[in-house]
Amino acid sequence: MDSVEPKFLLIDGDDQVLGVCLDADGFFADPGEDMTVELLGCLPTQRLRDHLAGSKRYRQRNPLGLEGLRMLDTAGEPLADFWMSEIIDWRPSRLDPERVDIVALWGFDSPPPRMRHLWERWRVARPDRPNQWAEYGPEDRAEWLTIVRRSNSRRVRQLDHPPGRVYHLEGTHVTDEAAFYLALGEAINGPGGYFGGNLDALDDCLRGRFGARTPFTLIWNDSHVARRSLTRALADAQPYFAIIQTIFAEHDVEVVWR
């Protein structure tokens, strides 16, 4: 059993590990009321052991401050964090008697079951070349963007590239809004990179601390694909593509359309 790599960490509000878990039953779930997840084969820290073994009064006086469940990739690196509430039950693990199975109230941000294939793909191998998302349809691309956002929030942000750089956006597959942000994130920060997931986030990223400092030049190849596809009109009746242009201009980004 010791050779089995853990998939999850239980963490508290101070980002301290409370337990190392081999798997989780109910991790992929559509949002609903009274959701629970069963954490399988958890090796608890002494603090968690004391909490589980203590009386109800002890647990009330010594709260864990349980904050979330951290998903790990197969290399043992953090992939994404998910909200979790209180532990409501536990028992000796059916996987290993030295471990425990823990039942906890689950959060609102669990990945839906239909997206398991994408999360598992990222767990096994993070993107190592551009456009690996391009084979998927709009719904899967949107979830891929969610994984990009959540996985990058776990990483220590590197210094921005200096102003004046030139970035190349490959626009062949930018046929929907998620695809635009995926292509832009890869243009700025490489495969699996993040640089916004909606218009507000794009505006925020262009202010710095997300990999690039303005002014810079963006060479947008096959831009006609996005111009033809990103036509959804927002409140001011401007198409999405036009608003993107405005945001870039406001932040001194020179876009070369190709």
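Just the heavy atoms: all of them, side chains too, but no hydrogens, waters or symmetry mates, feed the values below.
Residues forming a ring-ring contact (aromatic ring centres under 6.0 Å, His included) with Tyr136 (at least two apart in sequence, or on another chain): Trp144. With sequence neighbours excluded, the residues forming a salt bridge (charged side-chain N to carboxylate O under 4.0 Å, His left out) with Asp23 are Lys7, listed by chain and number. Partners of Asp89 by salt bridge (charged side-chain N to carboxylate O under 4.0 Å, His left out), not counting sequence neighbours, listed by chain and number: Arg91. The salt bridge (charged side-chain N to carboxylate O under 4.0 Å, His left out) check on Arg207 picks up Asp203, with sequence neighbours excluded. Trp106 meets the ring-ring contact (aromatic ring centres under 6.0 Å, His included) test with Phe27; sequence neighbours excluded. Residues forming a salt bridge (charged side-chain N to carboxylate O under 4.0 Å, His left out) with Arg258 (at least two apart in sequence, or on another chain): none. Thr214 is linked by a side-chain hydrogen bond (donor to acceptor under 3.5 Å, both in side chains) to nothing, counting only residues two or more places apart in sequence or in another chain. For Trp83, the ring-ring contact (aromatic ring centres under 6.0 Å, His included) criterion is met by no residue, not counting sequence neighbours. With sequence neighbours excluded, no residue satisfies ring-ring contact (aromatic ring centres under 6.0 Å, His included) with Phe248.
The cationic atom of Arg150 (NZ for Lys, CZ for Arg) does not lie both less than 6.0 Å from the six-membered ring centre of Trp122 and within 45° of the ring axis.
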Contacts table for residues 228-237: side-chain donor-acceptor under 3.5 angstrom, sequence neighbours left out:
residue: Ser229; atom: OG; partner: Val225; partner atom: O; Å: 2.8
residue: Arg232; atom: NE; partner: Glu177; partner atom: OE2; Å: 2.7
residue: Arg232; atom: NH2; partner: Glu177; partner atom: OE1; Å: 3.0
residue: Arg232; atom: NH2; partner: Glu177; partner atom: OE2; Å: 3.4
residue: Asp236; atom: OD1; partner: Gln238; partner atom: N; Å: 3.1

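Screening residues 180-191 for side-chain hydrogen bond (donor to acceptor under 3.5 Å, both in side chains) gives Trp133-Glu186, Tyr181-Tyr240 as the qualifying pairs, with residues at least two apart or on separate chains.
Within a 6.0 Å radius of CZ in Arg59, more than 12 heavy atoms belonging to other residues, nucleotides or ligands are found.
In this structure, Val103 shares a hydrophobic cluster with Ile88, Leu105, the cluster being traced through Ile, Leu, Val, Met, Phe, Trp and Tyr side chains under 4.5 angstrom apart.
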